Amino acid sequence: MHTLSNLSPEVRQYLLVTGNYWAFTLTDGALRMLVVLHFHGLGYSPLEIAALFLFYEFFGVVTNLVGGWLGAHLGLNRTMNLGLGLQVLALLMLTVPAAMLTVPWVMAAQALSGIAKDLNKMSAKSSIKLLVADGQQGTLYHWVALLTGSKNALKGVGFFLGGALLALLGFSGAVLAMAAVLALIWLGSLATLKKDLGKAKSKPKFRDLLSKSRAINILSAARLFLFGARDVWFVVALPVYLASTFGWDFWLVGGFLAVWVIGYGIVQSFAPYFTGKRRGQVPDGRAAFGWALSLAGLPAAIALGLDTGLSAQAVLIGGLLLFGALFAVNSSLHSYLIVSYAKEDGVSLDVGFYYMSNALGRLLGTLLSGWVFQAYGLTACLWVSSLFVLLAALISLGLPKVR
C-alpha cells in the first residue's frame, strides 16, 4: 500500500483502469468458451452457435458508437463501471434452469455482455490518452501495447478458465461463480475510480458521433477487415473443427485456444520493439500497410496445407502460431494509431467510432464463421480471411505516412 501511495495519480488511475479491464476480460473470454463448448455439446450446429453471438457483436457496434458520446458527456469512469455492472447482470441471466436457456434468452444475455464489453474497452483505451502527457508518443505506444497485450493474454486465460469451469462446475455453476467475483470488483471500482475522467469540456452533439477525421475513417475501415479476417475462422469454425475433426475434449480445446491467445497477448505487449522502438521511431501508415501485407497470404497458405497430404494438426497448429504473432503486431499497431490520432478533448468519440468498426468486423466475421464453415468447411473460412487481410492492407495505403 505504501508503494501504491507513492505513485503519481495518473499511474494509480492507469492501474485501476487496467485492473478493471483485466477482470472483465477474464469473464468475457471464459463466457465465450463456455457458450461455444456447452451448446456444441448440446448438438447445436456451427451456424446456430454463431447466431448466439449475433446480438453480442451487433450491440457492440451500437455501443461503441453511442458509448463514445456517453463517455464524453458522463466521464469514462461511469461508462467503465456501467460496463462492469452490465456484465454481472448478463452472467446472472445465464444461471437460470437449463430449460430456460433457449436461444432467444442466451442471445439477450449475450447482447448485454456485448454492450458491457465495448463500454469497458472503449473506456479503458480512451483513458490512456488522458493519462499520458501530450507529445510523448513513445510512452503512449508503450502503454497502449501493454494494456492491449495484457488484455488478450488474460482473454486466453479466460478461454482456459471457461473450459475448466465447464468441466468442474457445469454451465450454471461456472457463470454464477464468475458473476460473484466480478460483482465484488465492480463495487471496488465504484469507490476508487477517478470521477469525470475523460468528460469533454465542450459537450458534443449527437451528430458528432461520426468521425470527421480522414485518418480515423481510413484506419477504422482497415480495422473492420482486419478483425473480420480473424473471427471468420477463429470464433466458431476453429473450436468446432478442433472438437469434431480432431476429437479434442473441452479441456484440450479450451487449453489450446487459451495458450494461443496468451501468446498473442504477449507478442502485442512487445509490439513496439518490433515496429521501431529500438530506433526511437513510432509507426505510421506505411508500417500499418507493411505489417498487414505480411499477414495477408498466411491463412491461404494454411488452407493449401490442409488440402495436401501433410498432417492437418501440424499445419493448423503451426499456421495458427504464426498467424497469432503477425496478427498481434497488426492489432497493437492499430490500437496505438487510433489513440494517437484521436483528439484529446472528447477522446472517447474518436475511439468509440473506431471500435464501432472493430465490432462491425467481428460481427461480419462471426456470421461468416458459422455460415461458411457449415456450408464449405474450414479451408473456405481461411480463404475469406486472406481476402479480408489483403483489403485491410490496401485500405491502409491511405493512412498518413509521417507522424
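The structure displayed is predicted, hence computed values, not measured ones.
The CG atom of Asn358 sits 8.5 Å away from atom CG of Leu224, with the distance rounded to the nearest 0.5 Å. Expressed to the nearest 0.5 Å, how far NZ of Lys117 lies from CG of Leu31 amounts to 11.0 Å. In this structure, Ile302 CD1 and Leu322 CG are separated by 7.5 Å, a value rounded to the nearest 0.5 Å. Note that the CG atom of Leu187 and the CG atom of Leu84 stand 10.0 Å from one another [nearest 0.5 Å]. Here the CG-OG1 distance, from Leu316 to Thr379, works out to 11.5 Å after rounding to the nearest 0.5 Å. Note that CG of Leu86 and CG of Leu91 are 11.0 Å apart. Values are rounded to the nearest 0.5 Å.
Looking at every heavy atom in both residues, Leu169 comes nearest to Ala177 through CD1-CB, 4.3 Å. The two residues Val267 and Ala325 make their nearest non-hydrogen contact at CG1-O, 3.6 Å. Nearest heavy atoms, Leu226 versus Ala392: N-CB, 4.0 Å. Scanning all heavy atoms of the two residues, the minimum distance from Ser386 to Leu298 falls at OG-N, 4.3 Å. Here the closest non-hydrogen pair linking Val232 and Ala229 is CG1-O, 3.4 Å. Heavy-atom minimum distance, Val389 versus Ala292: CG1-O, 3.3 Å.
Taking the six-membered ring where the residue is Trp, Phe225 and Phe388 present perpendicular rings, their angle passing 60° and hence far from 30°. The aromatic rings of Phe256 and Trp248 sit perpendicular to each other, their planes meeting at more than 60°, with 30° as the lower class boundary.
A donor-acceptor contact shorter than 3.5 Å links the side chain of Asn330 to the backbone of Trp291. A donor-acceptor pair under 3.5 Å links the side-chain atoms of Ser220 to the main chain of Ile216, judged by distance alone. No side-chain donor-acceptor contact under 3.5 Å links Trp233 to the backbone of Val384. Remark: side-chain polar atoms of Thr27 are paired, donor with acceptor, to backbone N or O of Phe24 under 3.5 angstrom. Side-chain atoms of Thr95 come within 3.5 Å of backbone N or O of Leu92 as a donor-acceptor pair. When atom types are taken as modelled, the side chain of Ser357 and the backbone of Arg223 share no donor-acceptor pair closer than 3.5 angstrom. Between the side chain of Arg230 and the backbone N or O of Ser385 there is no donor-acceptor pair closer than 3.5 Å.
Shown here are the side chain to side chain donor-acceptor pair (under 3.5 Å) partners of Ser396, two or more places apart in sequence or in another chain: there are none. With sequence neighbours excluded, no residue satisfies side-chain contact (heavy atoms from CB on, under 4.5 Å) with Leu184. Evaluation of the side chain to side chain donor-acceptor pair (under 3.5 Å) rule for Gln110 yields no partner, not counting sequence neighbours. The side chain to side chain donor-acceptor pair (under 3.5 Å) check on Arg362 picks up Glu57, Asp118, with sequence neighbours excluded. Residues satisfying the side-chain contact (heavy atoms from CB on, under 4.5 Å) test with Thr245, not counting sequence neighbours, are Tyr241. For Thr25, the side chain to side chain donor-acceptor pair (under 3.5 Å) criterion is met by no residue, not counting sequence neighbours.
The local environment of CH2 in Trp186 is sparse, with at most 12 non-hydrogen atoms from other residues, nucleotides or ligands closer than 6.0 Å. Counting non-hydrogen atoms of neighbouring residues, nucleotides and ligands closer than 6.0 angstrom, the CZ atom of Phe246 exceeds 12 such neighbours.
At least one side-chain heavy atom of Leu306 sits less than 4.5 Å from a side-chain heavy atom of Leu382. Between Val372 and Trp383, the closest side-chain pair of non-hydrogen atoms is not below 4.5 Å. Counting heavy atoms from C-beta outward, Leu399 and Arg286 have side chains that stay 4.5 Å or more apart. For the pair Val106 and Phe39, the minimum side-chain heavy-atom distance is below 4.5 Å.
You'll find the ring centres of Phe327 and Phe234 outside the 6.0 Å limit.
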Side chain to side chain contact (heavy atoms under 4.5 Å, CB included) assessment of Ser113 paired with Asp28: CA-CA 8 Å; Ser113 184; Asp28 187 57; 4.0 Å; yes
